[in-house]
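Reading through the structure tokens given below for one structure.
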Number of protein chains: 2
Amino acid sequence: MAAKRADARRNEKALLDAAAAVFVTDGVDAPVRRIAAEAGVGMGTIYRHFPTRADLVVAVYRHQIDACAEAGPALLASAESPFAALRDWVDLFVDFLVTKHGLGAAMRTDPEGFAGLHGLFLDRLLPVLADILGAAREAGEIRADIPPLHLLRAIGDICAGAEGAGPDYDARFAIGLLLDGCRYLG
Amino acid sequence: MAAKRADARRNEKALLDAAAAVFVTDGVDAPVRRIAAEAGVGMGTIYRHFPTRADLVVAVYRHQIDACAEAGPALLASAESPFAALRDWVDLFVDFLVTKHGLGAAMRTDPEGFAGLHGLFLDRLLPVLADILGAAREAGEIRADIPPLHLLRAIGDICAGAEGAGPDYDARFAIGLLLDGCRYLG
DNA sequence: TTGCCAACCGGAACATTGCTCCGTATATTC
DNA sequence: GAATATACGGAGCAATGTTCCGGTTGGCAA
């Protein structure tokens, strides 16, 4: 594992910065050429560093996902109850998602390509949500049969769909409904 | 309003049939050329009859949406309770959505273009859902503050996201959670 | 410091796809 | 059967993803 050349490292960082900026304004579907231009590099360079668009997306968002994951235990410790912690953490997750224009649609259009990002979500966030759900279940606040995967996906899908839904629609209401559904004991 | 020429009518029907077939196999994002080829017409013809892809999609799915809308009152009359009718009708809606590969992603990628389809959903389905929700509310089965639009969108988004989610994920579970959330009284 | 080579870069070139435009063909009418 | 309006087909343009290779440069050895 030889060290990369200095120009390679420089270009990689330039690409990450450029991609982060362009993703915010143009969404994750932004043309490759635009990202390359923003970074001041050629087409070849972007494909050499990030063979697929998903590789670039993963690299850009990885630390944000990590931050969300790491906030879980703290919320569980500080919140009034496990269910309150669940609400807080879901809020955090939603905050992350709503700024990612087109991410959901992109992941749906090209599921194979985004397997890496999908895996990142599952590896980092699913255990955190599972812990919080477990605590809430033990406290008797929610039903026993809520699979964390189902809750996580549904929240992600609702956020993805909320984009550009007009001002009279609030994704958080539907997500609140979902969480209330977890507490419906029948 | 002069009558269309015979060949024009024939081609329009050929296009609708071809589009319906191609949408099932390749999704609503299928290349225009493929649909034109399947119908045995040229590029110009498809764009003359259906200026935008959404026009074609709307034409293909309109009667399916109508059928779903018209089933609402019957379900409300025959089901055990308004909430049971709600569940039945949502099942119908989900059945419709899960076979429309890529529809959700397409509507998200190009919200303006699919305004027509979106309007169709709102015009035809929203009143039906509103009626059912109203009956359930009057029966005291659900909360009073559930906006039909929010429920409809959330269901659509979850279905859209469920596509290609792997065998260990069931969109209907999350949707059941959503409906249970409607009955959580607090 | 200088020279060499592997690593890296840039962008031209190709493939796919959405969409338009116009010369040609045909249905309809008289 | 001729005239006319309508419709058709597909070539062509633009945007974008992706690959490939000749040229360039950073890092190391002498």
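To find a chain, count down the sequence lines: A is the first, B the second, and so on, and within it residues start at 1. Note that this is a predicted model, so its numbers are computed, not measured.
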Name the orientation class of the two ring planes belonging to [X] and [Y] (parallel below 30°, tilted from 30 to 60°, perpendicular beyond 60°).
X: A:Y169; Y: B:H150; answer: tilted
X: B:F93; Y: B:F121; answer: perpendicular
X: B:Y61; Y: B:F23; answer: tilted

Ignoring backbone atoms, establish whether [X] has a side-chain N or O less than 4.0 Å from OP1 or OP2 of [N].
X: A:R48; N: C:dC9; value: yes
X: A:T45; N: C:dG10; value: yes
X: A:N11; N: C:dC9; value: yes
X: A:H49; N: C:dC9; value: yes
X: A:R33; N: D:dA15; value: no

Which nucleotide in the set [options] lies at the smallest distance from any side-chain heavy atom of [X]?
X: B:R5; options: D:dA11, D:dA5, D:dT16; result: D:dA5
X: B:V41; options: D:dG10, D:dG17, D:dG9; result: D:dG9
X: A:K4; options: D:dG10, C:dC8, D:dA7; result: C:dC8

* So does A:K100 pair up with A:E163, basic N to acidic O under 4.0 Å? -> no

Interatomic distance where [atom1] belongs to [X] and [atom2] belongs to [N] [whole Å]:
X: B:D26; N: C:dT16; atom1: CG; atom2: P; result: 15 Å
X: B:R10; N: D:dA7; atom1: CZ; atom2: P; result: 13 Å
X: A:I35; N: D:dT18; atom1: CD1; atom2: C1'; result: 14 Å
X: B:Y47; N: D:dG10; atom1: OH; atom2: C1'; result: 13 Å
X: B:D7; N: C:dA27; atom1: CG; atom2: P; result: 6 Å
X: B:D29; N: C:dT16; atom1: CG; atom2: C1'; result: 14 Å
X: B:F50; N: D:dC8; atom1: CZ; atom2: P; result: 11 Å
X: A:M43; N: C:dC14; atom1: CE; atom2: P; result: 16 Å

* Could you walk me through whether A:D7 and A:R10 pass the salt bridge (Lys or Arg N to Asp or Glu O under 4.0 Å) check? -> CA-CA 5 Å; A:D7 53 351; A:R10 191 165 3 104; 5.4 Å; no

* To do: Have a look at B:R53 and say if it touches a base, only the backbone sugar-phosphate, or nothing, with a 4.0 Å heavy-atom cut-off.
  => sugar-phosphate

